[in-house]
Amino acid sequence: MENTDIVKENKWLKYKEKGIEGFFFLNGILAVFILLGIFFLLIREGYPTFKEVSIVEFLTSTRWNPTSYSQSGYGIVSMVVSTLAVTIGSLLFSVPVGIAAAAYLAEIAGRKEREILKPVIEILASIPSVVIGFLGIVLVGPAIARFFNISNGLNVINGSILLGIMAIPTIVSISEDAISSVPDKYKQASLALGTNRWHTLIKVTIPAALSGITAAVMLGMGRAIGETMAVLMATGNATAFPKGIFTSIRTLTATIAIELGEVPYNTTHYHSLFAIGAVLFMMTFLVNLVSDIVLHKYGEGE
Amino acid sequence: MENLEKKIIVNDLDFYYGDFQALENISLEVPVNKVTAFIGPSGCGKSTFLRTLNRMNDLIAGTKVDGEVLIDSENIYHECVDVVNLRKRIGMVFQDPNPFPKSIYENVAYGPKAHGIKDKDKLDQIVEKSLRQAALWDEVKDRLDKSAMGISGGQQQRLCIARALSVNPDVLLMDEPTSALDPIATAKIEDLIEDLKKEYTIVIVTHSMQQAARISDYTAFFLMGDLIEHSLTQNIFEKPENKKTEDYITGRFG
Ligand SMILES: Nc1ncnc2c1ncn2[C@@H]1O[C@H](COP(=O)(O)OP(=O)(O)OP(=O)(O)O)[C@@H](O)[C@H]1O
Ligand SMILES: [Mg+2]
């Protein structure tokens with residue numbers, strides 16, 4: 001009698017065990033399903049674009065004018081280049097600033113300074129992008145216009161600066177972790193050879209933290225590519241090909257955000273916005289893939 | 001020892017970690033081109049003392065030094081001394097092999113490059129010479145561009161010795177350089193130390209009394225921050241003057 005009870009209990013426990021395992025497994029693969037789901041949605045909704053527009057035109061033309069009555073244009077080149085321009089522009093200043101700040105926090109700042117600065121930088125990361133965009137319109141844009149003596153400050157460089165500001169917290173925070181986790185023994189070895197702390201920082205500590213710093217930059221870059229609101233507000237909303245850093249532009253994300261709300265359902269224009277989404281998806285995917293490869297390559301050194 | 005040229009002379013040295021006094025009134029002389037071993041039970045201050053000789057303790061916050069350390073008759077704790085320059089002259093090998101996560105070549109070339117040598121041929125020469133001195137050249141000459149993390153622990157430690165030699169120091173400080181190594185690798189490093197003393201003054205911390213007996217000319221015995229006895233290695237092991245030394249080397253404690 002008692003014996004069968006125990007057996008039952010055991011069976012029940014086994015089911016419970018299996019159940020819990022299954023639960024965690026489901027959660028684990030949920031992310032994969034969501035990712036695949038999004039990708040297929042983008043492909044399915046984007047694909048019909050190419051019944052009317054050739055894929056070559058889509059990928060090589062610089063003219064984006066889906067609503068023109070005479071001759072509609074569905075080329076995304078201007079927007080892709082715009083996206084790349086503001087992204088690269090933002091990295092150009094957020095990477096050096098971010099790494100220098102991270103090195104300062106990890107290696108030079110005292111405990112007090114670190115305890116004040118780290119939370120401040122993390123708050124910077126949580127400012128909504130609309131607010132940053134607002135800043136671009138009322139502050140940074142006009143400042144650029146005045147400084148370079150041009151009529152319009154809403155352009156590539158304005159977008160780059162704002163995106164840079166948004167990428168810096170990510171870069172600082174992750175790079176700082178990477179730099180502080182470089183073992184002390186490397187620094188000691190370097191200092192014992194009669195080098196000063198700057199030399200040690202630049203030649204030993206930062207290279208040893210390179211994989212983490214790369215991850216930080218890639219995450220910052222991912223954020224810059226995908227960011228919508230701030231660039232939409234701050235880059236002038238013009239679907240022109242960026243001829244320089246003072247051109248007003250419109251990125252891939254901004255185009256989707258502006259046009260998707262007004263486009264008639266199931267038109268080519270509608271589908272083309274999903275096709276843009278798919279392109280964006282692949283761009284961020286590529287960035288992540290490359291960073292993964294870089295990380296693995298440098299990870300081997302350890 | 002009286003008639004030997006002295007490389008290092010320590011006078012009345014006290015050392016503090018914050019309020020804790022780790023070394024008390026140490027006076028000792030290290031003769032040139034000899035191997036001097038520091039022995040003593042764990043925590044007695046051997047590593048601390050070794051680090052006062054190239055001022056690596058400066059890196060630890062809240063430490064304090066009293067007394068003087070003369071190297072080539074110059075007090076290294078004088079305020080005019082450039083610590084970076086000092087450490088070029090006083091090389092150090094650490095307990096755990098700690099090559100940089102760089103290639104074997106870059107590990108050895110790092111110091112000379114840092115000190116301004118840019119010429120590739122000159123660097124190649126230094127790398128080869130240092131690796132030969134460290135008895136590692138034959139084992140790694142075909143894979144200089146491979147990561148130093150991929151060689152064995154014993155090879156890594158010899159690489160660290162080569163790296164220390166690359167900047168041409170006068171003194172080599174070694175803190176238990178073989179404690180992480182197997183007997184074969186240990187024997188290689190001991191042979192190496194024997195060779196190196198022709199050109200360098202060597203100070204080595206060791207936990208192994210056999211090692212001290214095998215490789216050192218002089219031995220200093222420390223106990224709880226005090227220098228108990230310092231003499232010819234043979235004397236320390238065969239007829240120690242101090243009862244505490246005798247107890248330690250006969251294994252009665254520690
Ligand atoms: N960074 C530090 N801060 C505070 N106290 C320290 C520090 N390093 C060492 N000590 C203390 O100083 C004393 C001497 O330490 P030291 O490392 O010099 O001993 P040791 O003789 O090298 O020991 P071992 O043989 O275990 O390496 C010990 O009591 C130790 O706890
Ligand atoms: Mg020690």
Side-chain angles (χ1 to χ4, degrees), chain A residues 99 102-115 174-217 291 293-302, chain B residues 47 50-51 53-61 82-103 106-116 130 146-150 156-157 159-169 171-175 180:
Chain A
I99 294 176
Y104 173 77
L105 282 178
E107 293 288 295
I108 300 152
R111 251 190 57 183
K112 260 224 186 87
E113 291 150 315
R114 185 163 38 236
E115 269 164 22
I174 297 174
S175 303
E176 199 254 347
D177 287 345
I179 292 173
S180 3
S181 58
V182 172
D184 235 23
K185 59 182 190 176
Y186 298 153
K187 295 171 219 167
Q188 296 212 0
S190 173
L191 293 167
L193 284 166
T195 66
N196 62 37
R197 61 204 285 232
W198 303 115
H199 193 272
T200 300
L201 177 68
I202 291 164
K203 297 286 177 165
V204 173
T205 313
I206 290 183
L210 203 63
S211 63
I213 292 175
T214 311
V217 170
S291 61
I293 292 168
V294 170
L295 285 187
H296 276 287
K297 194 167 160 252
Y298 282 99
E300 275 173 2
E302 273 302 304
Chain B
S47 297
L50 195 72
R51 287 197 303 263
L53 304 180
N54 66 343
R55 293 186 57 172
M56 283 300 276
N57 285 321
D58 291 15
L59 304 174
I60 304 168
D82 176 4
V83 182
V84 169
N85 259 323
L86 168 76
R87 295 200 189 116
K88 280 185 212 168
R89 288 164 45 208
I90 319 292
M92 187 165 219
V93 176
F94 298 79
Q95 177 167 355
D96 281 330
N98 60 350
F100 300 127
K102 300 176 186 285
S103 71
E106 285 303 325
N107 263 278
V108 186
Y110 177 84
K113 272 187 185 170
H115 302 150
S130 308
K146 294 282 182 327
S147 169
M149 307 319 244
Q156 287 187 1
Q157 193 61 301
L159 179 62
C160 292
I161 294 173
R163 181 177 65 186
L165 298 176
S166 69
V167 295
N168 215 2
V171 180
L172 204 53
L173 307 176
M174 303 177 135
D175 194 349

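In this text, all values refer to a predicted model and were calculated from it rather than measured experimentally. Quick note: numbers below take in every heavy atom, side chains included, and nothing from hydrogens, waters or symmetry partners. Here is the naming used below: chain letters follow the sequence lines, and residue numbers restart at 1 for every chain.
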Taking side chain as everything from C-beta outward and backbone as N, CA, C, O, which of these in [X] sits under 4.5 Å from a heavy atom of chain A? Side chain, backbone, both or neither.
X	result
B/R163	both
B/P112	neither
B/P169	neither
B/K102	side chain
B/L86	neither

_Can you tell me how far apart NE2 (B/H115) and NE2 (A/H199) are? Round to the nearest 0.5 Å._
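These two atoms lie 8.0 Å from each other.
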*Find the distance between CE (B/M92) and CG (A/L193) and round it off to the nearest 0.5 Å.*
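Answer rounded to 0.5 Å: 11.5 Å.
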*Worked check of side chain to side chain contact (heavy atoms under 4.5 Å, CB included) between A/Q188 and B/F94*: CA-CA 9 Å; A/Q188 296 212 0; B/F94 298 79; 3.4 Å; yes
Ignoring hydrogens, what is the shortest heavy-atom contact between [X] and [Y]? Give both atom names and the distance.
X	Y	result
A/A189	B/F100	CB-CE2, 3.9 Å
A/Y186	B/N98	CD2-O, 4.3 Å
A/T195	B/A114	CG2-CB, 3.5 Å

*Which answer fits A/K203, side chain, backbone, both or neither, if we ask what part of it has an atom under 4.5 Å from a heavy atom of chain B?*
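Contact with chain B involves both backbone and side-chain atoms of A/K203.
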*With sequence neighbours left out, write down each residue that passes side chain to side chain donor-acceptor pair (under 3.5 Å) with B/Q156, or none if nothing qualifies.*
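B/Q156 satisfies side chain to side chain donor-acceptor pair (under 3.5 Å) with no residue once adjacent residues are dropped.
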